[in-house]
Protein chains: 2
Amino acid sequence: MDKLKPDPSLLKPMRMFAGLDAAALQAVMEHGQARHVPKGGTVFKQGDQATTCHALIDGRIKIQHTTLDGQQMLVQFVGPGEMYGTLAMFLAGYPGDAVAVTDSVELLWSVDTMKNLMLTYPQIAMNTMAMLGDRLEDLQTRVRQLSTQRVERRVAYALLRLAQQAGRAVSDGVEISFPLSRQDLAEMTGTTLHTVSRILSAWESDGLTAGGRQQIVVVKPDALLAIAEDLPRPKPC
Amino acid sequence: MDKLKPDPSLLKPMRMFAGLDAAALQAVMEHGQARHVPKGGTVFKQGDQATTCHALIDGRIKIQHTTLDGQQMLVQFVGPGEMYGTLAMFLAGYPGDAVAVTDSVELLWSVDTMKNLMLTYPQIAMNTMAMLGDRLEDLQTRVRQLSTQRVERRVAYALLRLAQQAGRAVSDGVEISFPLSRQDLAEMTGTTLHTVSRILSAWESDGLTAGGRQQIVVVKPDALLAIAEDLPRPKPC
DNA sequence: AAATAAATTTGATCCACATCAAATATTTCA
DNA sequence: TGAAATATTTGATGTGGATCAAATTTATTT
């Protein structure tokens, strides 16, 4: 976890810092630190006192909750340019674990620092609220799906979403660009790895998807979309 | 929907305006309007351009989403002192319908006004983020429950939560203080009114609950808590 | 008070998916 | 390279709860 040289231009494309002038970005950058997180490394742990908030520069982080009875739930995959651990600023502790699924580089700030930055530059707070709003919408979609839709549809939706967030074009379709297990997909969609495996097997024999160990290629997005129906709308802004 | 005389002291106990001085509260109040909403009245509708945000003074409002295929989902019951329609400030439109389940009195502000207030008094933005954070936690709990728990447990949890938020002590227990149908409970917990009815019947014959049409009394909270297990933690602050 | 509408209860049936149980790949490590 | 660990696939079985279908109770309207 080495320190790296921070560069204010990194913040420019981030939604949380949209609309800030160069001086403000400079101030934000000066208060943050950059560091490297190796694959498998833990950024923060569920329940710990929240002392930091984070922006991902490169790599992929997964946020995972564990219930009292040991059930795992995969809350989100964080990609470059996205913030994480922000929510914890306003709660007692981190609501989940943050683990790097690939080698990653992040910026981090102390919670106090970020709160002060928000008070100094209220635009950061406004941007953060918009981000929290989107996450609320996502979760509401998830609740709705769990309440009313069958597993196959939920898995199709999750996969399409991953493809558009972290897809890489390959010869036969779009590949999820980081290691993704059947177990991960199960935890994202509220089912078991067995059911996910069966679904993917069926899709594979119909030519909708391909893949191997911890790796999935979406071959026919349209067909998946037809299954998902409840379409992942392209996010504005 | 008559206009009522606004009184800044109404804002004092509200979380959104915590930590503001008298002058700030005065300013907030001056920009808002009070009005009465009759039982069954609609405050805003899903999909409409979001132009207002709201605080409930008295009564009870339910927020309900309708899916494309007509499925209903009950997102939350709003009680006195709580804000609603706040999220819409940061989204394209209102994510759901807001309907009064009892005669209600609310304050409302235009979105632009509230955004300006937030920029002027960043503490409002900080408070709002904390509230959004709590709602995110709630939704994550709901997703976790839908993913991993049986219906009976989810219904027990929902009922206990309603009892602590809107319970009124009666001779034989704690009564939910507003009309609540089996259908409502079903939409809150991702099941059908039939299943909720069966569960309540079973509880009633075991003496855990009592109730009638659109009305439920929790007779043995401890027994329900044992069923819910995944305990609703009393919210701090 | 009778007629209509809305909410609730209860029974019977069915199936999507969890669970139980192994076998088979694939990767990592000694 | 062989052994151990980790992922994945696939089969067999059971069940929680949805769905279909009425009957019953309670509230509202005329």
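Computed from a predicted structure; not experimentally measured. Numbered from 1 within each chain, the chains take letters A, B, ... in sequence-line order.
For B:Gln149 and C:dC17, the CD to C1' distance is 18 Å, given to the nearest whole Å. Summarising the geometry, the separation between CD on B:Gln214 and P on C:dA5 is reported as 18 Å, rounded to the nearest angstrom. Rounded to whole Å, atom P of D:dG14 lies 17 Å from atom CZ of B:Arg150. Atoms NZ (A:Lys39) and P (C:dT28) sit 8 Å apart, rounded to a whole Å.
Using modelled atom types and a 3.5 Å distance limit, the side chains of B:Ser181 and B:Asp184 yield a donor-acceptor pair. Side chains of A:Glu106 and A:Tyr84: a donor-acceptor N/O pair is present below 3.5 angstrom, by distance only.
Within 3.5 Å, a donor on the side chain of A:Arg213 pairs with an acceptor on the base of D:dT6, or the reverse.
Inter-residue side-chain proximity for A:Gln71 and B:Arg144 is flagged as unmet; no heavy-atom pair is nearer than 4.5 Å.
Screening B:Leu160, B:Ile199, B:Ile227 against B:Val155 for a side chain to side chain contact (heavy atoms under 4.5 Å, CB included) leaves a single residue, B:Ile199.
DNA chain C is contacted by B:Leu193, B:His194, B:Ser197, B:Arg198, B:Ser201 of residues 193-212 of chain B, taking any non-hydrogen atom closer than 4.0 Å.
No donor-acceptor pair closer than 3.5 Å links the side chain of A:Ser104 to the backbone N or O of A:Val37. Distance alone, capped at 3.5 Å, places no donor-acceptor pair between the A:Ser197 side chain and the A:Leu193 backbone. Although no hydrogens or angles enter the test, the distance criterion places no donor-acceptor pair under 3.5 Å between the side chain of B:Asp103 and the main chain of B:Pro38.
Between its two ends, the helix from C:dA1-D:dT30 to C:dA30-D:dT1 turns its axis by 40°, counting five pairs per end and rounding to 10 degrees.
Proximity of B:Arg182 to the phosphate of C:dT8: a side-chain N or O atom is located under 4.0 Å from OP1 or OP2.
Between D:dT8, D:dG17, D:dT19, one nucleotide has an atom nearer to the side chain of B:Thr191 than all others, and that is D:dG17.
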